[in-house]
Amino acid sequence: MTPASRLGLSGARVEVELEPGDASSAVRRASAAVRGPGSILLTDSVEVTLEPAEPAGTAGWSVANVGRSSIRVRSVAIVFRLHDAQPPLKMLRHGYQSWSPSDVAVLGVDEDPSHTPGSLELVRAGAHADQRIARPGELRSEWVTVLTSGDGSALLVGFDGGSRHDGTLRLAAAEDVGPAAPSSPAAELRAEAFLGGAVLAPGARRELHALVVRTGETAADAAALLAQWGAVTSQRGSARREAPYQAGWCTWYHYFHDVTETDVMANLAKAGADGWPFSVFQVDDGYQAAIGDWLTTSDRFAPGANHAEGVARLAAAISEAGYRAGLWLAPFLVAPDSAVATEHPGWVARMPGGEDPLPGSFNPPWGGGLGGLMWTLDTTHPEVQAHLEEVARALREMGFSYLKLDFTYAPSFDGVWHDATMTPAERVRAGYEAVRRGAGDDAFLLGCGAPLSNVVGLVDGMRIGADVAPAWNNERRDRARAGYLEMLPATRHAAAATFSRAFMHRRLWCNDPDCVMLRQEATAMTPEQVETWAQVVERSGGMAIVSDDLSLLNPKARARFERLLDVGRAVDAEALAGRGPWCDDLMSSPEQPSGLSGRTGEGAAAAFRLQVDAPGGGHVLREGLSG
Ligand code: 9PG
C-alpha cells in the first residue's frame with residue numbers, strides 16, 4: 001500500500017445553516033468552496049475564517065457576523081471530500097453523552113438511529129448533539145471519529161474541545177456522485193460545529209474548536225489515534241485527570257428508587273464492621289423530597305423527623321464513619337410540583353417558539369405531578385446559576401465533597417433560553433461551572449448523563465457508558481426508546497462502553513465504568529457474568545464503586561473486591577503514566593467492541609488481554625503476553 005492510496009481528506013467547502021428568527025420561515029443554508037486559509041463570505045452576513053493552526057494536522061477556524069442584524073447559527077461545517085475510500089467504508093460512531101453507545105457502522109449499509117420508526121424527539125435530544133433527524137443514509141459521530149477504508153487504512157478526525165460548541169462528524173455519500181453504494185463509497189465528511197441556533201450579534205465573532213486530523217496504516221491503529229487525540233484534547237481543555245483512584249459504595253444498583261435511611265445506615269455499619277476498603281460512600285437517587293429539591297429528604301429518609309435536616313444528617317453519619325460523603329443529584333432537572341419549580345417558574349427553560357416549560361426527561365418513578373415528565377432549568381439565567389452554586393455550596397458545607405451530577409444533558413435541548421447567545425454546550429457547561437464554584441475546587445465531581453465534550457476541565461470523573469443492571473442483557477423492547485435501546489441499563493452495554501472509551505481514562509478524567517456488583521442473590525447475573533464485569537472494571541483502571549447490600553456479600557466476595565482494587569490500581573497507575581488500556585477490536589468487531597489490552601506494570605509478564613463474549617457474558621483473560 002503506497003501512502004498515496006491511503007484514505008485521506010481533500011478539497012473542502014464550508015457550509016452554514018441559519019435558523020429563522022421566527023418560527024414561520026425556513027432554515028437557510030449557504031456554502032462556498034475553500035481555496036486555502038483566509039476568510040470566506042457565505043452570505044451577506046456570515047464570514048468563516050480558516051487559519052492554519054498548531055500542532056500540525058489541526059485547523060483553526062471562526063465564524064463572524066459581518067452583517068447589520070443578528071443571526072441565529074445552527075451549525076457551521078467544513079465538508080471534506082474523502083479520497084481513496086475503498087468499500088466497506090466504516091465509521092466509529094462515538095456517542096454524545098455518558099449513556100450513548102459507541103459502535104461501528106458502514107456507509108451505504110447502516111442508518112442513523114434517528115430514522116428508526118417511532119423514535120421520539122425527547123430521546124433523540126438526549127442521545128445526540130442535534131436532536132433533528134439525520135439526512136437519509138448519513139452516519140454521524142460526536143466529538144471524534146475514526147474512519148477505515150476497505151484497504152485497512154484509518155483516518156481520525158476530531159474536535160480538540162467541546163466547551164464552546166458540540167462537534168458532530170457526519171459521513172455521507174458525496175452529493176455530486178449520487179447515493180452511496182457499498183461498492184462505490186465516494187464520500188464526504190462533514191465536520192460540523194453545532195451552535196444550536198445561538199444568536200450571533202452584528203460584529204460578533206466566535207472561535208470554533210480546531211480540528212485534529214491523523215492517519216493510520218491499519219484499522220488496528222484506531223486505539224492509538226484516539227489516544228493521541230485524547231492527549232491533545234486533554235491539554236487544550238486543562239482536563240482534571242489526576243484525582244485519586246476511587247474505591248467506594250453506592251446505593252443505586254441494589255436499592256434503586258426504594259432506598260431508605262435505614263438501608264444506608266445498615267450498610268454504613270456493615271462496611272465499618274467488616275472493614276471494607278472504601279474511600280467514598282455515595283447515596284444515589286431516592287433520598288430527595290423531589291427532583292430539584294436536593295436539600296430536603298423524602299419520607300423514606302428521616303421518618304417522623306425534620307426533612308430539612310435529613311440530608312445534613314446523612315453527610316454527618318457518613319463522615320463520622322470515616323468515609324468521604326457522596327451524593328447524587330440531577331441539578332438541571334426540576335419536577336413540576338417541586339418547591340423550586342413552583343416558587344420560581346421563571347427559572348424553567350421554554351419549548352421552542354412557545355411558553356410551555358421545556359421537558360428534560362421522562363422517568364415515571366419520579367412522579368412530580370405530570371407522571372414523570374421533568375422540566376429543565378435555564379442554566380443561562382443568572383438566578384439559576386446562583387441557585388445551583390448555592391445548592392452545591394450548601395451540600396459541601398454539610399460535608400458532601402463528592403457529587404454525582406446526573407441527567408445533565410437537559411440544557412442542550414432546543415428551546416427558548418434567557419441568554420440566546422449561548423450554545424447548547426455553553427448551557428451545559430454554565431450549569432457545571434456553577435456547581436463547581438459552589439462545591440469548591442477540591443470536590444470530586446462525577447459527570448453522568450453528560451455530554452462528554454462539554455465538561456472537560458470541570459469534572460474529575462465521568463460515567464462513560466450505560467448503566468449496569470443486576471442482569472447482563474436488557475430484554476425490554478421499550479417502544480418509547482425505539483432506535484436507542486442500547487442506552488438502557490444492562491451490564492453488557494456498560495462493558496461495551498468501557499472498552500470503546502477506554503482511551504479517555506486519565507486523559508480527559510477518571511473513567512467511571514459504573515458500579516461493581518458482587519452479590520450472587522437478588523440478581524439475574526450468573527456467577528460468571530458477575531466475574532466478567534469485575535474483570536472489565538479492574539482491567540479498565542477506572543473507578544471501583546460497589547453497589548450491593550453488603551449483608552449479601554460473603555468473605556469470598558470481599559476478597560474478590562480486594563483483588564479488583566489491586567489490579568485496578570495497577571492499571572490506573574499505568575494509565576496515569578500514559579500507558580492505559582486500549583480497545584484492540586474497536587473497528588473490527590462485528591457488533592460492539594469486546595476486547596481490552598493493557599498492562600498492570602512493566603515487562604511482558606504484566607501485559608494482559610481480556611476478551612468478553614458480549615451476548616453471553618463469558619470471558620477469556622490472558623496474562624503475561626509478550627509484545
Ligand atoms: C438514578 C440513576 C442512577 C444511574 C444513572 C441514571 O431512562 N434511561 O435511559 C435512564 C438511563 C440511566 C439512568 C436512568 C434512566 O440512570 O446513570 O447510575 O444514578 O440515574 O435515577
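Whatever order the structure lists them in is the order used to number ligands and atoms, beginning at 1. The figures that follow rest on heavy atoms only: side chains count, while hydrogens, waters and symmetry mates do not. We count residues from 1, following the sequence as given.
The shortest N or O to N or O distance between W328 and ligand 1 is under 3.5 Å. Looking at ligand 1, you won't find any N or O of N363 less than 3.5 Å from one of its N or O atoms. Considering both main-chain and side-chain atoms, D467 comes within under 3.5 Å of ligand 1 through a nitrogen or oxygen pair. Checked against a 3.5 angstrom limit, the closest N/O atoms of H257 and ligand 1 fall outside it. Of the N or O atoms in R463, one or more lie within a sub-3.5 Å distance of an N or O in ligand 1.
Closest protein heavy atom to atom 2 (C) of ligand 1: W252 CE2, 3.6 Å. Shortest contact from atom 6 (C) of ligand 1 to any protein heavy atom: D406 OD2, 3.1 Å.
Side chain to side chain, T408 and Y432 meet the donor-acceptor criterion of an N or O pair below 3.5 Å. Side-chain atoms of D514 and Y253 include a donor-acceptor pair closer than 3.5 Å.
Relative ring orientation between F413 and Y409 is described as parallel, the plane-to-plane angle staying below 30° on a 0-90° scale split at 30° and 60°.
Numbered from 1 in the order shown, with element, the atoms of ligand 1 that lie under 4.0 Å from a heavy atom of C448 read 5 (C), 17 (O). Using a 4.0 Å cut-off to heavy atoms of D284, the atoms of ligand 1 that qualify are 1 (C), 3 (C), 19 (O). In summary, the atoms of ligand 1 found under 4.0 Å from a heavy atom of K404, numbered by their order in the structure, are 3 (C), 4 (C), 18 (O), 19 (O). Every atom of ligand 1 with a heavy atom of R481 under 4.0 Å away is listed here by number and element: 7 (O), 8 (N), 9 (O).
Put simply, the side chain of N473 gets close to the backbone of P615: a donor and an acceptor are under 3.5 Å apart.
Residues L377 and W417 come closest through the heavy atom pair O-CZ3, 3.6 Å.
Paired with L329 under the rule side-chain contact (heavy atoms from CB on, under 4.5 Å), one option of V391, D285, D406, V435 passes, and it is V391. For the pairing with F301, the side-chain contact (heavy atoms from CB on, under 4.5 Å) check across V264, V311, T296 returns one residue only, V264.
Proximity of F407 to ligand 1 is established by a heavy-atom distance of less than 4.0 Å. Ligand 1 is approached by Y253 to a heavy-atom distance shorter than 4.0 Å.
For an aromatic pair to be called close, the ring centres must be under 6.0 Å apart, and W347 with W375 fails this.
Ion pairing of R506 with D572 is present here, as a side-chain N (NZ or NE/NH1/NH2) and a carboxylate O approach within less than 4.0 Å.
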